[in-house]
Amino acid sequence: MNAPTTISIADYERAKNDWPTPDARYLRSDIPEPPTLPLEDVFSPRWAQWMRIAAEAKAAPPDYVMAAVLACCGSLVGNARWANPWQGWAEPPVLWAAAIGSPSSCKSPALDAVLGPLKAVERSMRAPWETSMADWRQRAEIAKLAETAWKDDVKAALKAGKKAPARPDGCDAGPEPKPLRLSVTDTTVEKLALIVGDQPRGTLLARDELAGWLSAMNRYSGGSDRPFWLESYGGRSYTVERMGRDSVYIGHLTVGVLGGIQPDKLRPLLTGNDDDGLLARLMPIWPNPAPVKRPDAVLDEAFIEDAMRMLLSLQMPIDEHGGLRPWFVPFSDDAKGLLDQFREDVRQWESKAEGLLLSFVGKLPGLAVRISLVLAMMDYASGEAPEPAQISIAHFGRAAHFIESYLLPMARRAYADASVSTKDRSARNLVKLIISQDMRQFSTRDILRMDQKGFSTASELDPLIKILEEADVLRQAPSSSSPQGGRPAKVFLVNPAIHGRKS
């Protein structure tokens, strides 16, 4: 490093005690440890036991299995039941979950512990559709012949100057039966709209790798997929316009999301996009790897398949226009009171959050309402409780505890790099550069010559240096003119303490 000499190394070392302690915000890059999953506190005994056994069978943390269970159960309830805290506020049970971890963390096997039974249930329900489809194809062939004969009769009648015969009922084979799609993997918005339009309950997007799904939203169609996905989380009506074909109208667009992602692929997505709320809708699940352990029990896939069928048995009521609509599950009075208290807690958490974490925290009241409904319906699906007529204080209390003790700390872990402002993040990156280059002093010219993203111009660099001066990381050295004269270069000394810390 060819920085102007303003202080010797010996003097620099002797000056250590003259510096105040630097602000740790700009030195910290350690990822917080993951919280402990309160499995037995949140889920019913049968579900908690099943998730632990499934995790052991897949050599994975139970956190990943839990994420898959919540997302899948929420999608199976779908538009059949919505939570309704009070008039004007209703939430679908749609949940989005991202299993974060390295390729060796067994994310995919853990998710497959739930997605495998989901596919098995779909296959078992496909047989009746295949029978109906065979019958429909036969009727369609007969209807086609009847249509041809009727058209010939019309032509003959018109030619003879007679009244054209009415179109017989046999010309109509009826609507084509549509297969049940409990999950999809890789599909376009247009294709998914057709699928959801044919099954008012909704469905689940299950991707082994979510990075491609998130990146594709910006890569194709100028990012036009993002509005579709934002609406699919809220369950609002949506119309997909199709060139040269009929538009697709969906009364309640609901699509759950589940998939894995590696930390290195998540980080640029968190810090490189404008916050439109889409990423903050994902529940980030990033546990430590599971210890090596031989399973103690056999995984009972029949349990979760039976539970899934119970959720699918929930019927949707018919609205005044003859269409299907959600059945709204109200909150009990004491559950409403606990929800009010939880909303006050969220206000406090918001005051201490920044960046993407702030966006995530702001969505926690709605997320808590959704999770409380899913937990109530899971109790019903496992046979441990009747179908709930209302969301009780116990249901919501478990959801609130889950968020406060687990999801919020997990979000702080996942969003560590994205939970600070852009300037603070750039200032932290400048400190990393200083440490990596073992700088004890430098000039602004030295940094600019490196042409680093975020501080490659004086207009970018100067505010960062000011931030780090105020944080006691840097200090401007006394100026001195160069031998050639002219304006002296600005030289900054580095707090010796930062070279003794991990960054």
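All values below come from the heavy atoms of this structure, side chains included, with hydrogens, waters and symmetry mates left out. Residues take their numbers from the sequence shown, with the count starting at 1.
Using modelled atom types, one side-chain atom of Q199 and one backbone atom of R181 make a donor-acceptor pair closer than 3.5 Å. Using modelled atom types, no side-chain atom of R126 and backbone atom of L180 make a donor-acceptor pair closer than 3.5 Å. In this structure, the side chain of R201 engages the main chain of L314 through a donor-acceptor pair within 3.5 Å. When atom types are taken as modelled, the side chain of H395 and the backbone of S392 share a donor-acceptor pair closer than 3.5 angstrom. No donor-acceptor pair under 3.5 Å is formed between the side chain of Y233 and the backbone N or O of L278. In this structure a side-chain-to-backbone donor-acceptor pair under 3.5 Å is missing from S215 to G212. Side-chain N or O atoms of D319 include one that pairs as donor or acceptor with a backbone N or O of G323 at under 3.5 Å. Between the R413 side chain and the P32 main chain, a donor and an acceptor come within less than 3.5 Å of each other.
Closest approach of V257 to L204, counting heavy atoms only: N-CD1, 3.7 Å. Annotation for E147 and C171: closest pair OE1-CB, 3.2 Å, computed over non-hydrogen atoms. The shortest non-hydrogen separation linking G234 to W82 is O-CH2, 3.9 Å. The two residues L373 and P93 come nearest to each other via the heavy atoms CD2-CB, 3.9 Å. Among all heavy-atom pairs drawn from K363 and A280, the shortest one is CD-O, 4.1 Å. In this structure, K107 and G260 approach most closely via the heavy-atom pair CE-CA, 4.1 Å.
Within the model, atoms CE of M377 and OG of S382 stand 11.0 Å from one another, a figure rounded to the nearest 0.5 Å. If you take OG on S372 and CD1 on I393, they are separated by 12.0 Å, rounding to the nearest 0.5 Å. Here the CZ-CG distance, from R81 to L311, works out to 10.5 Å after rounding to the nearest 0.5 Å. Distance OH/Y415 to CG/L357: 8.0 Å, rounded to 0.5 Å. For the atom pair I261 CD1 and L210 CG, the distance stands at 6.0 Å (nearest 0.5 Å). Taken to the nearest 0.5 Å, the CG atom of L358 stands 6.0 Å off from the CD atom of E350.
Between E40 and R52 there is a salt bridge, since a side-chain N of the basic residue sits under 4.0 Å from a carboxylate O of the acidic one. Note on R46 versus E384: no salt bridge recorded, every NZ/NE/NH1/NH2 to OD/OE distance being 4.0 Å or above.
Annotation for D208: atom CG does not count as buried by contact number, only 12 or fewer foreign heavy atoms lying within 6.0 Å. The number of heavy atoms from other shown groups lying within 6.0 Å of NZ (K293) is above 12. E122 CD: more than 12 foreign heavy atoms inside a 6.0 Å radius. With a 6.0 Å radius and a threshold of 12 heavy atoms from other residues, nucleotides or ligands, Q390 has its CD atom above the threshold.
The shortest distance between side-chain heavy atoms of N79 and P200 does not fall below 4.5 Å. Contact annotation: the side chain of W286 never approaches that of P34 to less than 4.5 Å [non-hydrogen atoms, C-beta and beyond]. Contact annotation: the side chain of F396 approaches that of F331 to within less than 4.5 Å [non-hydrogen atoms, C-beta and beyond]. Proximity of V42 to L375: side-chain heavy atoms (C-beta onward) are separated by under 4.5 Å at one or more points. In this structure, S237 and H252 have side chains that are not in contact, with every pair of non-hydrogen atoms separated by 4.5 Å or more. For the pair T36 and Y406, the minimum side-chain heavy-atom distance is 4.5 Å or more. No side-chain heavy atom of W96 sits less than 4.5 Å from a side-chain heavy atom of L258. Side-chain contact between T185 and L205: absent, with no pair of heavy atoms (C-beta onward) separated by less than 4.5 Å.
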CA sep, side-chain torsions, deciding dist, call: M378, V69, side-chain contact (heavy atoms from CB on, under 4.5 Å)
CA-CA 9 Å; M378 286 174 62; V69 166; 3.4 Å; yes
Stepwise side-chain contact (heavy atoms from CB on, under 4.5 Å) check, L339 with V369:
CA-CA 8 Å; L339 173 55; V369 170; 4.2 Å; yes
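Ring pair W213/W229 is perpendicular by interplanar angle, where above 60° counts as perpendicular and below 30° as parallel.
Checked against a 6.0 Å centroid threshold, the rings of F342 and W349 count as neighbours.
Under 3.5 Å, the side chains of R309 and S124 contain a donor-acceptor pair of N or O atoms. A side-chain donor from one of E91 and W89 sits under 3.5 Å from a side-chain acceptor of the other.
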